[in-house]
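These notes are about the structure you will find just below.
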Amino acid sequence: MSGAVLDAAFYDRPVLEVARDLVGCELVHGETAGRIVETEAYHHTEAACHAYVGLTARTSTLFAAPGTAYVYRSYGIHALINAVCEGEDVGAAVLVRALDPTAGVELMRARRGPVHERDLCNGPGKLTQALGIELTENATSLVDGPVRIRAREPGVVPELVTGTRIGITKAVELPWRFCLRGSRRVSRPYPPGLLHHGTG
DNA sequence: GTATGGATCTTCT
DNA sequence: GAAGATCCATACA
């Protein structure tokens, strides 16, 4: 079980802090929910971020208020969900890459088809399909909208593993990927040369 | 177990 | 017209 829904102030902080603090929180949509075990941070000052090119029709959501959901289509097929962070003059967001299912597992299975239990939510395109999140949720609020994120239990500080981001071709060297240490639900194995955070 | 290529579509040049 | 924050099936070791 998780705590209260995170408020806008939680997201109105440096994106790297939010990315770390979101690991262990619970992403909720309808009857389905899952604990976040993997995140990545994106910021308009580095080339891998969509907002790097500035404010366009596509990236306007990245410059929306902190606590807004940025959902976009990837490779023409998949929907990926991000949590917008920092102020409205900054294009920054945290990509949710993997979940450990906590509620509505039967519904997830129905949506995902005959996949292995472990493959339900271990990828950014998979978890949105499992939770039923689509492009219609773009620009909705994570505080009081259809998709929400609940805080972890007070006092619970997960151990994190930090590595480089996945699936990008620019700014690949930045260690902006955060995984729950020891989780077998992450989207890919931990990279070599990773850094360990004692307390996140 | 790892490696490779196709599907599919929005956005920007 | 080309690229992209992915996933899946298939081939091979």
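Chain letters run A, B, ... following the sequence lines, proteins first and then strands; every chain starts at 1.
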message: Closer than 4.0 angstrom, basic N to acidic O: yes or no for A/Arg20 and A/Glu17?
response: no
message: Assess whether a salt bridge exists between A/Glu26 and A/Arg148, defined as any Lys/Arg side-chain N lying under 4.0 Å from an Asp/Glu carboxylate O.
response: no
query: So among A/Val37, A/Leu16, A/Leu22, which one has a side-chain contact (heavy atoms from CB on, under 4.5 Å) with A/Phe178?
result: A/Leu16
Any residue meeting side-chain hydrogen bond (donor to acceptor under 3.5 Å, both in side chains) with A/Asp12, in chain and number order, not counting sequence neighbours: none
Interatomic distance, A/Leu142 atom CG to A/Asp7 atom CG [nearest 0.5 angstrom]: 12.0 Å
- request: Please round to the nearest 0.5 Å and tell me the distance separating atom CZ of A/Arg97 and atom CD1 of A/Ile36.
  value: 13.5 Å
message: Taking any heavy-atom pair under 4.0 Å as a contact, classify A/Arg165: base, sugar-phosphate, or nothing.
response: nothing
query: Sub-3.5 Å donor-acceptor pair from the side chain of A/Gln129 to the main-chain atoms of A/Lys126, do we have one?
result: no
field: Exam field: side chain A/Arg152 to backbone A/Arg35, donor-acceptor pair closer than 3.5 Å
entry: no
Between [X] ([atom1]) and [N] ([atom2]), how many Å, whole number?
| X | N | atom1 | atom2 | result |
| --- | --- | --- | --- | --- |
| A/Arg188 | B/dG1 | CZ | P | 15 Å |
| A/Ile166 | C/dG4 | CD1 | C1' | 16 Å |
| A/Arg177 | C/dT6 | CZ | P | 11 Å |
| A/Glu38 | C/dA5 | CD | P | 16 Å |

- prompt: Can you list the residues that meet the side chain to side chain contact (heavy atoms under 4.5 Å, CB included) rule with A/Thr128, with sequence neighbours excluded?
  reply: A/Ala79, A/Ile81, A/Ile133
- prompt: Could you give all pairs that pass the side chain to side chain donor-acceptor pair (under 3.5 Å) test and reach residues 64-79 of chain A, with sequence neighbours left out?
  reply: A/His50-A/Tyr70
- prompt: If you take all heavy atoms of A/Cys179 and A/Glu38, which pair is closest and at what distance?
  reply: SG-CG, 3.8 Å
message: Does the protein touch nucleotides 6-13 of chain B at the base, only the backbone, or not at all? Give it as B, S and - per nucleotide, heavy atoms under 4.0 Å.
response: -BBB-SS-
statement: Per-nucleotide protein contact along nucleotides 8-13 of chain C, 5' to 3', at a 4.0 Å heavy-atom cut-off (B base, S sugar-phosphate only, - neither), is S-----
task: Both distances under 3.5 Å, Watson-Crick or G-U wobble: on that basis, could you give the dot-bracket string for DNA chain C, with [ ] for crossing pairs and | for other-strand partners?
output: ||||.|||||||.
field: Given DNA chain C, 5'-ward residue of the pair A/Thr169 and A/Leu127, judged by closest heavy atom
entry: A/Thr169
